Protein chains: 2
Amino acid sequence: MSDRSEVSVAAPDGVVTAVKGGPSSRCHSCGVRHVTICGVVDDTVLKAVESISRTIGVEQGETLFVEGDPVTAVYNITRGIVRLSKMLPDGRRQITGFLFPGDFVGLGARMAYGYTAEAMTAACLCRFEKPRLDKLMREHREIEDQLLALMEKEVDLAQERMLLLGRKTAAEKVASFLMSLSERFDGAETFPVAMTRADIADYLGLTLETVSRTLSAFQRDGLISLERAHMIRLLDRTRLEDMTGT
Amino acid sequence: MSDRSEVSVAAPDGVVTAVKGGPSSRCHSCGVRHVTICGVVDDTVLKAVESISRTIGVEQGETLFVEGDPVTAVYNITRGIVRLSKMLPDGRRQITGFLFPGDFVGLGARMAYGYTAEAMTAACLCRFEKPRLDKLMREHREIEDQLLALMEKEVDLAQERMLLLGRKTAAEKVASFLMSLSERFDGAETFPVAMTRADIADYLGLTLETVSRTLSAFQRDGLISLERAHMIRLLDRTRLEDMTGT
DNA sequence: CGTGCCTTTGACAAGTATCAACCCAAGTGG
DNA sequence: CCACTTGGGTTGATACTTGTCAAAGGCACG
């Protein structure tokens with residue numbers, strides 16, 4: 001555990017995600033040794049991080065916390081997909097992010113969580129109690145820096161999303177979504193879409209019908225191939241890239 | 001300067017914004033003593049911050065930096081309003097934020113700025129060279145904590161905005177905008193709207209015509225009174241609040 | 001082999017965008 | 001001092017994208 005280990009994590013859909021560096025621990029529910037904090041840290045820090053983290057398994061659909069809950073913990077995903085969302089009182093929902101293995105859940109929450117986090121698939125998470133993590137951050141500057149960097153990336157992504165939500169057309173939104181998903185799978189040509197059309201719609205600020213129609217249109221135009229509803233193959237990356245509007 | 005001073009900052013439109021605590025310095029362009037970093041810090045830190053900040057004045061319309069520029073500095077606004085925006089290649093624009101006195105510009109940018117920052121009004125800014133600020137953050141933990149807290153708030157706001165952009169109707173967007181603007185002016189009943197209809201539209205993901213129509217409709221319904229195009233009076237806060245959808 | 005959830009597709013409605021005309025106030029220059 | 005210009009802002013007519021409602025198909029799971 002002292003070297004910069006490379007650990008492979010089984011994604012829920014069978015695809016394997018490789019993550020480099022960082023501490024890891026054995027998942028109680030699936031037994032796989034998972035990465036818990038990304039980035040390379042020295043041995044002492046690694047041990048410290050491991051000492052305050054506890055790996056937990058959650059079932060599909062399980063809620064980690066709800067918008068407004070007092071902040072008790074931060075999680076790092078080792079397996080599965082987590083959905084972050086905000087709701088309006090009348091039930092309209094905006095999904096603010098899909099988180100994958102390696103991503104943090106709850107970073108940057110101070111008093112209360114600003115969104116709800118749910119496991120979209122069975123998942124394994126490293127749980128860090130907030131007070132212990134705060135203490136660790138104070139003791140190990142490298143960790144604070146890591147988390148700060150992660151938050152900066154998050155802010156950046158959020159702004160990109162605002163541009164998408166506010167100014168892109170339905171087709172551009174869906175194309176952007178497909179391209180970014182593909183990136184998550186290492187630029188693979190064919191990849192699984194773990195979320196339902198309704199989830200995609202709530203992520204892109206559309207209706208599920210519009211998402212479905214747009215995907216069908218992409219298929220008609222030879223941009224993609226819907227192998228199955230949840231398995232997509234990109235046929236013409238270049239043209240799809242052009243359609244993102246970016 | 002050793003006590004926790006309260007400093008009043010003249011906003012561009014004549015309204016006075018009070019900000020408590022933090023270091024301050026005299027603005028070269030307007031001569032007013034401005035707050036430069038919010039939050040309370042001790043004497044040593046205060047002096048250190050002051051030593052690396054330089055107050056600058058910018059004219060209306062001036063660009064601080066453009067999306068993609070390498071990050072050289074972070075700014076704190078002491079006077080005026082700054083507009084942050086992202087553009088699509090074809091010219092569509094999304095304004096990601098309007099920043100007021102006390103707000104930071106460029107926090108959380110690592111290598112390149114992710115958005116363009118322009119002064120919407122004549123403005124005064126405290127400029128912190130990035131390397132010197134980073135050094136100071138490393139030396140004074142309190143500062144890093146302050147900035148971290150600010151970033152957390154930013155993430156929260158960004159997510160609230162996603163909900164607005166993705167799921168709210170035009171009327172709800174405009175109502176939300178008015179309520180949050182009113183907050184900025186301490187809940188005042190009548191307050192200036194410094195931005196044009198086009199700016200508001202690009203902020204809310206609408207067209208300027210829709211913004212104009214919605215404001216007119218609000219006036220017809222007795223919710224607001226458009227004293228002038230850029231001066232709004234809230235007539236029925238309760239009903240307006242209900243219209244925000246939140 | 002039903003039952004239920006998700007997806008697709010169609011017909012239609014509605015909300016916004018687009019295009020265009022006009023207004024108003026503030027400069028600007030003859 | 002007044003015509004002219006210019007940069008918003010408002011309003012109307014119309015188009016179009018996207019949402020809504022509804023029905024039917026497919027796939028997984030008990």
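Since we're looking at a predicted model, the values are computed, not measured. Letters A, B, ... are given to chains in the order of the sequence lines, protein chains preceding strands, and every chain is numbered from 1.
- Looking only at distances, no side-chain donor or acceptor of Arg167(A) sits under 3.5 Å from a matching main-chain atom of Lys86(B).
- Atom pair His230(A):NE2 and dC5(C):C1' shows a separation of 10 Å (rounding to whole Å applied).
- Across the protein-nucleic acid pair, Arg220(A) atom CZ and dG10(C) atom P stand 8 Å apart, rounded to whole Å.
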**OP:** Sugar-phosphate atoms are those with a prime plus P, OP1 and OP2; base atoms are the rest. Using that split, label each nucleotide of nucleotides 15-22 of chain C B, S or - for protein heavy atoms under 4.0 Å, 5' to 3'.
**Re:** -SSBB---
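- Atom CE in Met120(A) sits about 15 Å away from atom C1' in dC5(C), given to the nearest Å.
- On the nucleic acid side, DNA chain D has its first and last nucleotide under 4.0 Å of a heavy atom of chain A at dT18(D) to dC21(D), going 5' to 3'.
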Output a table of donor-acceptor pairs, distance under 3.5 Å, between side-chain atoms of residues 214-223 of chain A and any protein atom two or more places apart or on a different chain; print 'none' if there are none.
residue   : atom : partner   : partner atom : Å
Thr214(A) : OG1  : Thr210(A) : O            : 2.6
Ser216(A) : OG   : Ser212(A) : O            : 3.0
Gln219(A) : OE1  : Leu226(A) : N            : 2.8

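- Considering CG of Leu164(B) and OH of Tyr203(B), their distance stands at 7.5 Å, rounded to 0.5 Å.
- Using cut-offs of 30° and 60° for the angle between ring planes, the Phe65(B) and Tyr115(B) rings count as tilted.
- Note: CG (Leu215(A)) to C1' (dT7(C)) measures 11 Å, nearest angstrom.
- Looking only at distances, no side-chain donor or acceptor of Thr244(B) sits under 3.5 Å from a matching main-chain atom of Ala175(B).
- Under 3.5 Å, the side chains of Thr96(A) and Gln94(A) contain no donor-acceptor pair of N or O atoms.
- In this structure, Glu227(A) places its CD atom where more than 12 heavy-atom neighbours from other residues, nucleotides or ligands lie under 6.0 Å away.
- Salt bridge status for Asp103(B) with Arg184(B): present, with a side-chain N to carboxylate O gap under 4.0 Å.
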